Amino acid sequence: FVDPLEVEDEGGSNRNYRVWYTAKGYGRNDGPLLPFAPEATGKIVENPPQMCSLTIDKDSGLITRYTIGYVTDRSVGNTGGLGGLYGILYALGKPLPFPEAQPW
């Protein structure tokens with residue numbers, strides 16, 4: 001699902017557009033993910049749905065900000081409810097060793 005563009009009025013400049021969308025990734029680790037997984041694991045990663053956004057500069061048309069990892073249903077997939085890189089690493093059996101990177 002993709003929302004229509006919204007205009008961001010930062011300080012009255014009216015310079016940016018932002019589009020919001022939901023993404024749900026699925027794939028297999030067939031190659032290295034350096035430096036976290038130096039060898040392919042062959043494991044499947046199924047991400048939960050995540051809210052994402054792109055901010056686009058009105059004048060240049062370039063993307064100036066990309067957000068990802070805001071999970072909308074942590075019961076979906078095999079990432080322990082984690083989004084972004086934390087979820088991918090968890091599904092590969094290579095979770096990072098701090099509380100924010102642990103499953104719910």
Side-chain angles (χ1 to χ4, degrees):
F1 174 74
V2 176
D3 277 342
L5 287 175
E6 74 179 38
V7 177
E8 285 190 342
D9 192 10
E10 296 177 2
S13 65
N14 196 19
R15 295 186 42 85
N16 296 317
Y17 296 120
R18 181 179 259 187
V19 63
W20 293 92
Y21 61 97
T22 301
K24 185 181 174 305
Y26 178 89
R28 185 176 64 216
N29 175 231
D30 287 333
L33 179 59
L34 298 174
F36 307 106
E39 297 180 9
T41 64
K43 293 183 178 180
I44 297 292
V45 177
E46 183 180 355
N47 290 316
Q50 300 175 62
M51 197 67 201
C52 310
S53 76
L54 297 171
T55 301
I56 304 156
D57 182 89
K58 179 179 167 184
D59 297 326
S60 70
L62 297 175
I63 295 170
T64 59
R65 183 173 43 205
Y66 172 56
T67 65
I68 187 170
Y70 301 96
V71 173
T72 59
D73 185 348
R74 64 184 185 206
S75 69
V76 174
N78 66 347
T79 67
L82 299 168
L85 182 62
Y86 295 168
I88 293 169
L89 294 176
Y90 179 81
L92 295 180
K94 310 263 184 197
L96 294 173
F98 46 85
E100 295 83 3
Q102 302 304 309
W104 292 92

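Given the structure is predicted, the values throughout are model-derived calculations rather than measurements. Only this structure's heavy atoms are used, side chains among them; waters, hydrogens and symmetry mates stay out.
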Pairwise distance OG1(T64) to NZ(K58) - rounded to 0.5 angstrom: 14.0 Å
Side-chain heavy-atom pair I68, C52 within 4.5 angstrom cut-off: yes
Shared hydrophobic cluster for Y26 and V76 (ILVMFWY, side-chain gaps under 4.5 Å): no
Any donor-acceptor N/O pair, T22 side chain to P49 backbone, under 3.5 Å: no
CG on L96 to OH on Y90, rounded to 0.5 Å: 13.0 Å
Shortest non-hydrogen separation from N47 to K24 and the atoms involved: O-CG, 3.2 Å
Residues, nucleotides or ligands: over 12 heavy atoms within 6.0 Å of F98 CZ: yes
pair I88-L33: side-chain heavy atoms closer than 4.5 Å: yes
Smallest separation among heavy atoms of P38 and P35, with atom names: CD-O, 4.3 Å
Any L92 side-chain heavy atom under 4.5 Å of F36 side chain: no
Non-hydrogen side-chain atoms of R65 and L54 separated by less than 4.5 Å: no
Name of the residue among V71, T72, T67 meeting side-chain contact (heavy atoms from CB on, under 4.5 Å) with M51: T72
Closest non-hydrogen atom pair between S53 and W20, with its separation: CB-CE3, 3.6 Å
Closest contact, heavy atoms only, Q102 versus L82: O-CD2, 3.2 Å
In one Ile/Leu/Val/Met/Phe/Trp/Tyr side-chain cluster, 4.5 Å: L89, I44: no
Heavy-atom closest pair, residues N29 and E39: OD1-O, 4.0 Å
Minimum heavy-atom distance between T79 and E46, given as atom pair plus value: CG2-O, 3.6 Å
